[in-house]
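Quick notes on the structure that follows.
As a basis for the values below, the full set of heavy atoms in this structure was taken, side chains included, without hydrogen atoms, waters or symmetry mates. Order of the sequence lines sets the chain letters (A, B, ...), proteins ahead of strands, with each chain counted from 1.
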2 protein chains.
Amino acid sequence: MADVARLAQVGKQTVSNALNNPDLLRPETLARVTAAIEKLGYRPHTAARSLRRRESRTIGYALERSVAGRSNAVQDRFLHALAAAAGYRLLVFSADSPEEEVERYDELLRERAVDAFVLDRTRKDDARHRWLHGKSVPFVAFGRSWSEQDFGDWVDVDGAAGIEAATEHLALAGHERIGLLGWPAGSGTGDNRVAGWQRAMKRHGLPVRDLRAAASNSTETARQAAGTLLDQDVTAVVAVSDALALGCYDALRERGLQPGTDVAVTGFDDSPFAELLAPTLTSVEQPLEQVAEECVRMLLARISEPWRPTEHLLLTPRLVIRDSSGPSGSGVVTDI
Amino acid sequence: MADVARLAQVGKQTVSNALNNPDLLRPETLARVTAAIEKLGYRPHTAARSLRRRESRTIGYALERSVAGRSNAVQDRFLHALAAAAGYRLLVFSADSPEEEVERYDELLRERAVDAFVLDRTRKDDARHRWLHGKSVPFVAFGRSWSEQDFGDWVDVDGAAGIEAATEHLALAGHERIGLLGWPAGSGTGDNRVAGWQRAMKRHGLPVRDLRAAASNSTETARQAAGTLLDQDVTAVVAVSDALALGCYDALRERGLQPGTDVAVTGFDDSPFAELLAPTLTSVEQPLEQVAEECVRMLLARISEPWRPTEHLLLTPRLVIRDSSGPSGSGVVTDI
DNA sequence: GTTGCCGTTTGGATCGATCCAATACTTTCT
DNA sequence: AGAAAGTATTGGATCGATCCAAACGGCAAC
């Protein structure tokens, strides 16, 4: 910085002002300083700046243990979008359990390595929210806080609306017995998605009784659960995840049926393999780039104005129509 | 730190020594200081430490733009393993092109925000290597430097050995006409994998003529390429990626054939969907945790000893045998 | 009892940028 | 022309830890 000041014939403070309060400088001086900065390729020293400013301008994000066989595509795309959201640096760390995650939070905060956190994969009564809230650490969650209390800001994707759109799409194509392949009851995300199916079915006056089955994301249970739906003579299956949809493909083939032709299938998340399958899988795509953008926006707002009221944002996903939902034209994307 | 010093009845320097050179202290004093640190929950301020030490103890990693339809599972798992590798902090940033990546390198270095980088997805004559080497910035690449010159350390997975093992597995099961489904010639990774197939075929005295087809990772071209192999009456197909293997599944079904039963298929990368498919896909799994560990080890060595000779490490992948390669027992994992 | 030595502990300077208070400068008005 | 008012610029102190060199303590030897 001293070099820049010397070259521009000004004091070091003026250089600092050029960077942080450019409007305080006379245009002529500013130009001279800027030119010097450019010429020397000067960039302020992160650590020195953090030390004086008493903030790191870094946000923390915990990578959760990747569960074998489960697609992390969502986390991956989200992280990417987060990193792109400008202004702040992004520090990632791994944690294998919520407890360990909170422990790492504590360390990072004590070390003043981060100013705030972005949470992902929120659970019911998530310990992280309470802890961060208690310490008044700024944070945003990707995912609703499924508990009663309102701990902080969040952005989420309206899973119910996504599943509703998929169901609607099938109903409009003439299907009447539309089964739902979900997760075991109890997970906020899962139950929410089921509600979307119920809404659409009710609106179209279609039956829901015995048309619902649950399975974890493993192939075996998914196939069995899909089987029970097929026994109910469904002509279409709405799955709450792409993995479950894949299990449904299997169940169909076991019975000599062809997904997309004999029975329509839809998934959720628009995983990378959705368009690699045959038939390509109709799925619900989450607007992760937008989620990330909004997360950053909320976080910055929270940091600069800690006492503002909490903000909640529910974004609408898109239905990506491909071949598995019937011959209605692949690749068509429908905004809900 | 002053608080800790006061509580432990020592000077601040002694506290610093307790953290950085514990063996300089009398055991008794060390215990007193440690107790005080514990009691106050003290952790050294990252920025202050970086400033004085003139190093950030942070490594940078560029997230590349996720290509639609392409599995990022490898990057995802690798990043996770990297974050777990202790001692250093991990700063991620996004870059949409190699040029932009180098630009971000430059900024981060000027700001002293990172000390070193981990590169991923190396290309032929990668601009990043040359640039980092030119600035003598410590770095390790996950992926060989496919160029003639030897720019820096790398860790890579022996793709040829993986494909060779898959081919071997099929040959031992009695297959004689084993086709290879590869990428268009020219990519280092792709050509290397092809070589593994050739090696195994030669060793078993099997024909390779006209048993090789190339396609990009898109379903359409993969299906066509797989079709040309099937026209050659292959009884097994070794694909150099899981996406291509999936294209092969499609081609088989188009002809009324069943993957795994009528024609054996293997993939590469052990993507999350490999065990979700029906039949489950035999694939080659990269030891990403080990790759990450070795990357960190090499990086630390390079940082502490800049002039050491470059180190190259080729790790061996494992063949994960599932149903698609025939009825030889699913889930069996073979070390090569 | 004093000196000398070794190993531990201490105060002061430093890293690079920002904050604060004070000075130099410009402009305008009397 | 001189003074007031406001703006642009400057020097000095500061953030929290580490490095350095100097002082301190205990212990053994004379």
Side-chain angles (χ1 to χ4, degrees), chain A residues 1-37 40-58 87-89 107-115 303-304, chain B residues 1-37 40-58 87-89 107-115 303-304:
Chain A
M1 192 161 125
D3 295 344
V4 175
R6 202 174 312 122
L7 181 61
Q9 309 258 39
V10 295
K12 52 187 168 193
Q13 177 60 17
T14 306
V15 179
S16 174
N17 285 335
L19 280 128
N20 303 305
N21 303 75
D23 43 320
L24 281 184
L25 298 201
R26 204 184 312 166
E28 171 202 323
T29 315
L30 178 58
R32 220 167 61 236
V33 175
T34 312
I37 288 176
L40 297 179
Y42 166 78
R43 300 230 109 206
H45 193 292
T46 312
R49 173 174 270 187
S50 296
L51 179 58
R52 194 57 181 90
R53 287 229 244 239
R54 323 186 61 74
E55 64 177 16
S56 63
R57 293 217 177 233
T58 300
Y88 268 58
R89 260 174 285 278
E107 287 176 25
L108 290 170
L109 288 170
R110 289 203 139 84
E111 294 171 347
R112 302 293 143 91
V114 302
D115 295 336
I303 290 171
S304 65
Chain B
M1 192 160 126
D3 295 344
V4 175
R6 201 173 313 121
L7 181 61
Q9 310 258 38
V10 296
K12 50 186 170 192
Q13 176 59 17
T14 306
V15 178
S16 173
N17 285 336
L19 280 131
N20 303 304
N21 302 76
D23 41 320
L24 281 185
L25 298 201
R26 204 183 314 165
E28 170 203 324
T29 315
L30 178 58
R32 220 166 62 236
V33 176
T34 310
I37 288 176
L40 297 178
Y42 166 79
R43 298 230 111 204
H45 192 294
T46 312
R49 173 173 270 190
S50 296
L51 179 58
R52 192 56 180 92
R53 287 228 246 237
R54 323 185 62 73
E55 66 177 14
S56 62
R57 294 217 177 233
T58 301
Y88 268 57
R89 262 174 282 279
E107 287 176 26
L108 290 169
L109 287 170
R110 290 203 138 83
E111 294 171 348
R112 302 292 143 90
V114 302
D115 295 337
I303 290 171
S304 66

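- A heavy-atom distance below 4.5 Å is found between the side chains of B/Thr29 and B/Val10.
- Looking at residues 12-34 of chain B, you'll see B/Gln13, B/Thr14, B/Leu24, B/Leu25, B/Arg26, B/Thr29 sit with a heavy atom under 4.0 Å from some atom of DNA chain C.
- Here CG of A/Asp115 is found 8.0 Å from OG of A/Ser50. Values are rounded to the nearest 0.5 Å.
- Recorded end-axis angle for the helix from C/dG1-D/dC30 to C/dT30-D/dA1 stands at 60°, based on five pairs per end and rounded to 10 degrees.
- A distance of 11.5 Å separates CZ of A/Arg110 from CG of A/Leu108, quoted to the nearest 0.5 Å.
- Annotation: proximity of residues 40-52 of chain B to DNA chain C (heavy atom, distance under 4.0 Å) is found for B/Leu51, B/Arg52, numbered in ascending order.
- Counting heavy atoms from C-beta on, the side chains of A/Arg89 and A/Thr46 come closer than 4.5 Å.
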Can you tabulate the close N/O pairs, meaning under 3.5 Å, that link protein atoms to atoms of nucleotides 25-27 of chain D?
none

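- No side-chain heavy atom of B/Arg54 sits under 4.5 Å from any side-chain heavy atom of A/His45.
- Inter-residue side-chain proximity for A/Pro22 and A/Asn17 is flagged as unmet; no heavy-atom pair is nearer than 4.5 Å.
- B/Leu7 has its side chain out of reach of B/Ile37: every pair of non-hydrogen atoms, C-beta onward, lies at least 4.5 Å apart.
- The salt bridge (Lys or Arg N to Asp or Glu O under 4.0 Å) search around B/Arg112 returns none, not counting sequence neighbours.
- Here the range on DNA chain C touched by chain B, meaning any atom under 4.0 Å from one of its heavy atoms, is C/dT8 to C/dG16.
- Of the inter-residue distances, the one linking B/Leu30 atom CG with B/Asn21 atom CG reads 11.5 Å to the nearest 0.5 angstrom.
- Counting heavy atoms from C-beta outward, A/Asp23 and A/Leu25 have side chains that stay 4.5 Å or more apart.
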Legend entry - CA sep, side-chain torsions, deciding dist, call: B/Val114, B/Tyr88, side-chain contact (heavy atoms from CB on, under 4.5 Å): CA-CA 10 Å; B/Val114 302; B/Tyr88 268 57; over 6 Å; no
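- Under the 4.5 Å side-chain criterion, counting only non-hydrogen atoms from C-beta, B/Tyr42 is in contact with B/Met1.
- Annotation: side chain of B/Arg49 is in contact with side chain of B/Asn20 (closest heavy-atom distance under 4.5 Å).
- If you take OG1 on A/Thr34 and CG on A/Leu19, they are separated by 8.5 Å, rounding to the nearest 0.5 Å.
- Looking only at distances, no side-chain donor or acceptor of B/Thr14 sits under 3.5 Å from a matching main-chain atom of B/Lys12.
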